[in-house]
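These notes concern the structure reproduced below.
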Amino acid sequence: MFAETTSAALIGVRPHPVRVEVFIGGPRSLFTLVGLPDTAVREARDRVQSAILASGFEFPKRRVTVNLAPANLPKAGSSYDLPIALGVLSAAGLIPAAVDGVVAVGELALDGSLRSAPGGLAAGMVAAERDQLCLTPPQSAEEASLVGGAKVRMVHSLIEAIAVASGQMEGGIPPVPAPTLSDTSDLAEVRGQLHARRALEIAAAGAHHLLLSGPPGSGKTMLARRIVGILPPLNTEDSLEVACIYASGGRLRASPLPPFRDPHHSASLAAMVGGGNGIPVPGEVSLAHRGVLFLDEMAEFPPSVLDALRQPLEESQITIARKGTSVCFPASAQLIAATNPCPCGYKGDRKKACFCAPSGLNRYVRRMSGPLLDRFDLRVKVNRPEVNEFLDRPGESSSIVRQRVLAARERQRTRGSLNRYLDRTTLDSLPFSSSAYDLLGQALSQGNVTARGFDRIRRVARTIADLAGEKEVSAGHAAEAITYRGEW
Amino acid sequence: MSDAISSKQIGHPEPPRTKVWELLADHRSKKPESYPMDLLRLAYMELDPKKLSRILGSCGSVKSALAGMKVGRWNIPSAAQQKLRFSSTELLAPLEKIPAKFVDRLQLDPGVTEPSDPLLGLFVQGTLPADRGVAVVGTRRSTRYGLKLAEEIGRRLGRRGLLVVSGLALGIDAAVHKGMLSTRGRGVAVLGSGIGRWYPPSNQAIGEDLIAQGGAVVSEYPPDAVPFGWRFLHRNRLIAGLSEVVIVVEAPARSGALTTARLALEMGRDVLVVPGDIDRETSEGCNLLIQEGAHPITSLDDMEQLLGFRMGVMDSKEGSHTSGAEASGDQDGSIGQAERSVGKPSHQTSLLSADVLDEGLLGEGADIGSSTRLGSGEPSTGSVADLRSRIPPTGVSLEELVEPSELPVLLEEIGRLSALGILSLEGDMVYRN
């Protein structure tokens with residue numbers, strides 16, 4: 001008469017268990033579904049009915065009521081098909097009542113086979129928490145098995161799901177996703193650009209925001225893309241968090257590499273910070289959480305979009321409110337931006353003349369607001385490489401650089417936080433040699449460093465010291481840090 | 001000097017064109033009382049130069065041209081027609097507000113344009129010096145090399161007491177005047193906008209300094225005239241006209257500076273050109289000029305010597321004086337500039353102080369902070385210590401200075417020197433400031 005099984009929904013980045021209650025009883029043959037279902041969930045009735053028939057069972061000829069609890073949580077998507085079907089069969093007494101001990105997700109085809117559906121990750125997390133069996137279609141199993149300790153079983157059809165739930169079959173155990181660290185391009189391919197390379201290394205080590213500026217073809221994009229290869233891989237916890245964000249956008253991400261997002265400059269505000277109708281989906285700034293948000297041709301982005309990034313970058317999270325729900329997505333991304341120095345791209349180039357009208361140039365620079373530019377700890381000019389013998393010399397490879405970055409990150413971890421987040425009081429408390437202060441004071445008094453850039457220089461100097469493996473920031477470290485505060 | 005110039009002008013093969021100059025002279029002799037106001041009125045009407053020269057040519061006198069306009073001849077735009085009815089107070093009020101004055105063509109150096117040019121006069125803010133100057137022109141989109149050089153040329157001309165003429169545009173124009181102003185020299189800026197209207201607005205401060213230091217900002221366009229693009233090209237003839245010598249610092253193949261240089265050659269002025277890299281687009285125009293016969297400047301001292309012969313500044317008082325920036329250069333160099341060279345010669349102090357700083361710094365560099373790191377990389381101690389001397393004026397790339405493994409040590413030193421404003425790093429290029 002009554003049966004219950006479990007499914008899961010991802011709201012924002014938090015998994016919520018959803019109880020699927022089925023009651024069969026009453027005179028007329030009727031199938032009702034309650035609990036804030038959206039259209040896709042409501043259509044589950046037809047899919048479930050036909051899948052049950054196609055699997056060789058009889059559909060109960062009485063009133064079937066399905067409740068998705070908690071009733072106030074909006075449910076979306078086709079992933080509730082499988083738990084509903086299991087609940088109906090169990091309530092009708094057609095299968096053993098073991099279904100209350102499983103967490104199931106999956107979309108049913110009319111012939112009773114299973115298709116992938118979102119929710120695999122949430123199901124895995126709920127199952128792991130309750131130490132229950134998690135049934136998913138094969139395509140979602142990889143996602144679910146990202147959760148350490150989840151007992152995930154791949155099932156191909158409704159029949160197989162019943163067999164596994166009632167213990168008559170083992171069910172396939174999904175393969176553990178192999179870490180793929182080798183598929184990124186290597187830093188050795190970048191010739192020359194010593195200063196920018198070093199800046200990239202420092203940016204990776206201290207998770208600093210980095211601005212690269214230079215003419216077209218100078219290798220800004222090439223450099224920026226190679227940061228993934230020198231960043232430390234995500235730990236399990238972080239990689240699960242990132243997977244959650246992706247899953248709430250309906251995407252699967254199982255790689256241990258930090259995410260690298262490079263939205264095109266035509267991206268809308270909602271695409272960048274998150275939004276959407278109904279249940280909010282994460283934007284690029286959240287999809288780049290614990291990784292890199294790369295804005296190529298930053299000046300081409302609408303100023304409104306760039307300014308909307310400021311708050312999430314500062315607070316490492318963004319709250320998106322939509323009718324009925326408000327969701328907080330983490331957004332702790334490292335920003336790397338590349339830009340041309342002017343609309344034609346050749347301002348300041350040694351050989352090619354810039355043909356921009358001065359007024360157009362002004363407008364171009366003003367598109368990137370001061371407060372945004374101010375968030376970049378490192379600003380580096382990249383010029384087109386000279387054609388000379390030095391270009392034949394391959395640069396250091398990513399794996400060597402990564403070793404140094406890892407060591408520097410380790411030092412920061414033992415100290416507490418990444419250097420990007422160091423605030424003034426923490427900076428004051430960290431060892432900073434008096435000669436370094438003298439140097440900065442001198443630069444300050446000569447007007448070559450602004451008071452505003454002072455803390456940024458101290459922060460970057462701290463990272464340089466970490467890369468060198470030294471406890472105290474020396475004058476040399478501070479001096480190098482000054483070279484990354486190019487005029488803008 | 002003006003005699004010599006006009007004799008050159010007479011030989012100019014341009015007979016069929018109207019001699020606007022003669023026409024104006026005629027007008028003054030016939031109507032001395034209304035003469036300045038008539039010219040001012042015409043200037044206010046902002047007629048197209050070609051049209052104006054046609055009107056004056058067919059009328060034969062300023063008076064009949066104005067009379068014809070009043071009765072609707074020549075198809076004058078309505079805005080210009082309103083000016084015909086302005087009273088003299090109405091015409092003068094905007095000038096008093098700025099304050100500026102109108103200097104008619106006959107009061108100007110006759111060589112300022114060719115006789116057929118329909119120039120009526122100049123609106124002048126400040127005092128327009130009687131002597132001809134040295135024009136320094138170049139592209140608005142200059143490289144840092146060009147900017148540096150322009151500023152240095154400005155300083156040298158300023159110290160010699162030469163009048164520096166330029167266009168007050170961005171880039172080279174602004175840099176040369178900045179350099180000149182730092183030596184308390186005199187200069188003239190010729191605007192492409194109306195007088196009192198600063199374009200670009202960012203150079204207003206430079207213009208005001210020019211006036212404050214005894215120079216002038218001039219324009220042939222009345223107050224509030226719009227800075228149309230063609231006006232900048234048109235005023236280039238005045239930049240050449242107000243000068244004896246034109247120096248082109250940096251100019252791409254299509255550039256206003258190139259027009260100025262060619263006009264100057266036509267007007268019999270000397271043109272000196274700073275040569276540039278043959279693959280640098282911003283120097284293409286300069287190199288073209290040299291190919292056409294302009295004189296290349298091989299060094300700044302060379303430039304000063306050439307100017308000395310041409311402008312007659314480097315003579316009599318101290319014949320033994322050979323090249324520019326000797327310690328005594330400031331006392332003798334500037335004719336009529338004795339009072340200005342009171343106080344310290346600012347350029348030399350700054351050079352000196354940079355050297356002192358440099359030495360002090362390098363000494364310091366050896367014992368603070370970096371010593372621990374310098375100890376680890378043995379070749380760097382030597383290479384870094386003489387860093388500044390290893391950087392050529394055109395800059396050098398990091399790769400040429402050091403092995404990649406030594407990079408952090410080098411960057412430390414560059415950072416140290418750039419903190420003091422001695423070096424600057426752009427991308428992979430290190431420059432001396």
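All chains are named by letter (A, B, ...) in the order of the sequence lines, taking the proteins before the strands, and each is independently numbered beginning at 1.
Residues A/Ile464 and B/Pro408 are not in side-chain contact: their nearest non-hydrogen atoms beyond the backbone lie 4.5 Å or more apart.
Here the OG-NE2 distance, from B/Ser397 to A/His195, works out to 13.0 Å after rounding to the nearest 0.5 Å. Between A/Arg198 atom CZ and B/Leu410 atom CG the span is 11.0 Å, to the nearest 0.5 Å. Within the model, atoms CZ of B/Arg416 and CD of A/Gln442 stand 10.0 Å from one another, a figure rounded to the nearest 0.5 Å. Within the model, atoms OG1 of A/Thr483 and CG of B/Leu411 stand 5.0 Å from one another, a figure rounded to the nearest 0.5 Å. For the atom pair CZ (A/Arg485) and CG (B/Leu425), the distance works out to 14.5 Å, reported to the nearest 0.5 Å. From A/Cys342, atom SG reaches atom CZ of B/Arg141 across 9.5 Å, with rounding to the nearest 0.5 Å.
A donor-acceptor contact shorter than 3.5 Å links the side chain of A/Asn383 to the backbone of B/Asp428.
Interface remark: B/Leu170 contributes side-chain atoms only to the contact with chain A (heavy atom separation under 4.5 Å). Of the two parts of B/Leu407, only the side chain, counted from C-beta on, holds a non-hydrogen atom closer than 4.5 Å to a non-hydrogen atom of chain A. Looking at B/Arg144, there are no atoms closer than 4.5 Å to chain A (heavy atoms on both sides), in backbone or side chain. Contacts of B/Asp277 with chain A are made by side-chain atoms alone, with heavy-atom separations under 4.5 Å and no backbone atom involved.
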